[in-house]
Protein chains: 2
Amino acid sequence: MTTVRGARARARIEITAAIKAEARTQLAAEGAAKLSLRAVARELGMVSSALYRYFPSRDDLLTALIVDAYDAVGAAAESAARETAGQPSLDRWTAVCRAVRAWAVAHPHEYALIYGSPVPGYTAPQDTNAPAARVGLVLVGIAREAHEGEGVALPPLPDALRPEAVRITADMAPDLPPALVVALVAAWSQLFGTISFEVFGQFHRLVEDRDAFFATAARRLGQDVGLLPRG
Amino acid sequence: MTTVRGARARARIEITAAIKAEARTQLAAEGAAKLSLRAVARELGMVSSALYRYFPSRDDLLTALIVDAYDAVGAAAESAARETAGQPSLDRWTAVCRAVRAWAVAHPHEYALIYGSPVPGYTAPQDTNAPAARVGLVLVGIAREAHEGEGVALPPLPDALRPEAVRITADMAPDLPPALVVALVAAWSQLFGTISFEVFGQFHRLVEDRDAFFATAARRLGQDVGLLPRG
DNA sequence: CTCATGCAAGAGCAGTGCTCTCGTTTCGGG
DNA sequence: CCCGAAACGAGAGCACTGCTCTTGCATGAG
């Protein structure tokens with residue numbers, strides 16, 4: 001526990017927060033590639049070298065933004081799960097998917113930062129691992145609830161995939177059947193495929209009513225996992 | 001048709017090709033963000049300003065690489081479709097998916113260029129539209145063959161999505177049922193979700209046997225479209 | 001053969017990430 | 001309370017980047 005020892009320490013966390021805030025502003029406005037340390041410092045009325053007292057490099061600043069972005073989308077997913085407690089699992093699943101998509105559409109550059117191409121020569125520090133897992137954990141939770149309650153329609157698991165499925169299951173959710181866990185991981189990645197295509201412009205001039213399109217796509221993904229309609 | 005009028009014109013297309021080749025080398029080595037016009041020129045033994053005679057800007061060079069990447073992955077998909085002609089549609093579907101994934105894994109930075117986060121302030125020129133559609137067209141072709149031959153198990157189409165589905169179908173494949181086309185677009189985006197998660201490192205320490213995992217994921221996507229197993 | 005055009009070279013501008021030094025301010029242990 | 005250590009802001013500077021402009025040379029078309 002690092003307590004705030006004095007005015008200096010307080011100033012440090014305030015300035016750190018201000019730097020992140022300004023960086024996030026520039027990120028939202030121009031994207032990660034155009035995020036400039038010097039511009040952030042300029043906007044904050046300090047000189048660029050002073051900023052290195054708070055973030056050792058531009059990549060470290062970006063990493064901080066990545067962690068925050070993972071936390072934000074994770075919080076959105078958890079909030080959607082909380083608000084739909086008690087509803088049928090398939091409805092909860094689609095609600096969480098829609099919450100993630102809504103966050104992505106509202107924060108395209110932050111979304112690109114975490115689910116787009118890795119920016120700085122692909123160095124994913126350990127700090128990002130836990131926040132990155134939050135959305136996945138929410139989906140696992142919904143599947144678990146369905147499995148323990150209404151039941152799930154387990155998709156077939158090919159023999160070639162069984163060893164891998166057992167391994168993933170042991171790592172991730174030992175209380176769930178491997179077939180379910182594998183379907184979950186696949187649906188998880190596929191969910192972000194549809195969101196990425198929308199955010200990155202691949203649906204341009206092809207899909208117009210994206211709310212409706214995404215809603216049925218997400219629901220179908222939930223059924224792929226084994227969640228039952230008309231719970 | 002611009003014929004090669006002389007030694008000068010020939011030199012021009014040769015140098016243009018050399019620039020693209022060197023740029024692709026740097027792209028594969030370091031990624032799009034680190035691709036430097038000056039470094040390309042340096043490696044080619046010319047001065048940086050000379051390079052602007054061939055590409056008006058760095059973005060134009062990137063656009064050329066994007067078009068080439070779309071063409072390469074499209075060619076891989078078409079080749080897989082050609083080699084599996086006559087086989088059951090679901091097998092052809094998975095073969096095409098695996099070909100696309102294999103290309104992506106072999107060329108991660110080029111993949112990131114076209115299916116990762118779009119570069120800042122960059123709006124895809126018209127030149128990229130046609131090449132970008134090639135993979136999709138291959139998948140449409142397989143679905144069409146199944147629809148006209150073995151038949152497809154049409155997924156249900158919610159009323160809320162029907163107008164949009166009809167619109168997309170008119171634009172894309174007027175001879176196919178809207179429910180099939182919508183499922184196709186969804187599966188198309190979801191396919192690239194799984195590939196992106198693998199290429200961008202989201203499966204790190206989670207999925208190990210990626211061949212097996214992807215094979216069943218791709219097959220399940222094919223079934224979502226309505227392709228029938230044991231054709 | 002002549003002359004407009006294509007081209008390479010170089011200098012230069014504005015911007016970047018990052019390092020180093022140099023005074024100054026703050027804080028904590030003796 | 002006080003003094004040394006640590007943290008800090010400012011500035012200069014390095015090695016880059018994309019891009020523009022001018023200059024002089026070689027090529028190829030009329």
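Computed from heavy atoms alone, side chains included, the values below leave out hydrogens, waters and symmetry copies. Chain naming here is simple, since letters A, B, ... match the order of the sequence lines and numbering starts at 1 in each.
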Less than 4.5 Å apart, side chain to side chain, heavy atoms only: is that true for [X] and [Y]?
X: Leu180(B); Y: Val225(B); result: yes
X: Glu198(A); Y: Val207(A); result: no
X: Trp188(A); Y: Gln202(B); result: yes
X: Arg205(A); Y: Asn129(B); result: no

Nearest-angstrom distance from the residue atom [atom1] of [X] to [atom2] of [N]:
X: Leu61(A); N: dC18(C); atom1: CG; atom2: C1'; result: 14 Å
X: Leu37(A); N: dG17(C); atom1: CG; atom2: P; result: 5 Å
X: Leu44(B); N: dA8(C); atom1: CG; atom2: P; result: 11 Å
X: Ile13(A); N: dA7(D); atom1: CD1; atom2: C1'; result: 16 Å
X: Arg58(A); N: dT17(D); atom1: CZ; atom2: P; result: 15 Å

Next item on the list: Applying side-chain contact (heavy atoms from CB on, under 4.5 Å), run through Leu37(B) and Ser48(B) and close with a yes or a no.
Entry: CA-CA 7 Å; Leu37(B) 262 177; Ser48(B) 73; 6.0 Å; no
Point to revise | Qualifying residues under side-chain hydrogen bond (donor to acceptor under 3.5 Å, both in side chains), relative to Asp224(B), sequence neighbours excluded | key: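 In terms of side-chain hydrogen bond (donor to acceptor under 3.5 Å, both in side chains), with neighbours along the sequence ignored, Asp224(B) is linked to no residue.
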Residue closer to the 5' end of DNA chain C, Ala39(A) versus Pro56(A) (nearest nucleotide)
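It is Ala39(A) whose nearest nucleotide is closer to the 5' end.
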Protein N or O to nucleotides 25-28 of chain D N or O, pairs below 3.5 Å:
| unit_1 | atom_1 | unit_2 | atom_2 | d |
| --- | --- | --- | --- | --- |
| dT27(D) | O2 | Arg8(B) | NH1 | 3.4 |
| dG28(D) | OP1 | Arg8(B) | N | 3.1 |

inquiry  = Among residues 45-55 of chain A, which ones have heavy-atom contacts with DNA chain C below 4.0 Å?
reply    =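 Listed by number, they are Ser48(A), Ser49(A), Tyr52(A).
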Note to self: With the threshold set at under 4.0 Å for non-hydrogen atoms, list the residues of residues 15-27 of chain A touching DNA chain C in residue-number order.
What the structure shows: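 Nothing qualifies; none.
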Below 4.0 angstrom, N of the basic side chain to O of the carboxylate: do Asp211(A) and Arg98(A) qualify?
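Salt bridge flag = no for Arg98(A) with Asp211(A).
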Among the nucleotides dG17(C), dC16(D), dG18(D), which one has an atom lying closest to any side-chain atom of Arg42(B)?
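The answer is dC16(D).
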Query raised in the report: Do Arg38(B) side-chain and dG18(D) base share a donor-acceptor contact under 3.5 Å?
Result: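 For Arg38(B), whose side chain was compared with the base of dG18(D), there is a donor-acceptor pair (under 3.5 Å).
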For the residue pair Tyr70(A) and Tyr115(A), categorise the inter-ring angle as parallel (less than 30°), tilted (30 to 60°) or perpendicular (more than 60°).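 Tyr70(A) and Tyr115(A): perpendicular rings.
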| said: Asp60(B): which residues meet the salt bridge (Lys or Arg N to Asp or Glu O under 4.0 Å) condition with it, sequence neighbours left out? | reply: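 Applying salt bridge (Lys or Arg N to Asp or Glu O under 4.0 Å) to Asp60(B) gives none.
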(request) Would you confirm whether the ring centroid of Phe213(B) sits within less than 6.0 angstrom of the ring centroid of Phe203(B)? (result)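 Centroid separation for Phe203(B) and Phe213(B): below 6.0 Å.
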| task | List for me each residue that meets side chain to side chain contact (heavy atoms under 4.5 Å, CB included) alongside Glu208(B), sequence neighbours excluded, and say none if there are none. | result |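 Only Glu164(A), Arg167(A) meet the side chain to side chain contact (heavy atoms under 4.5 Å, CB included) criterion with Glu208(B).
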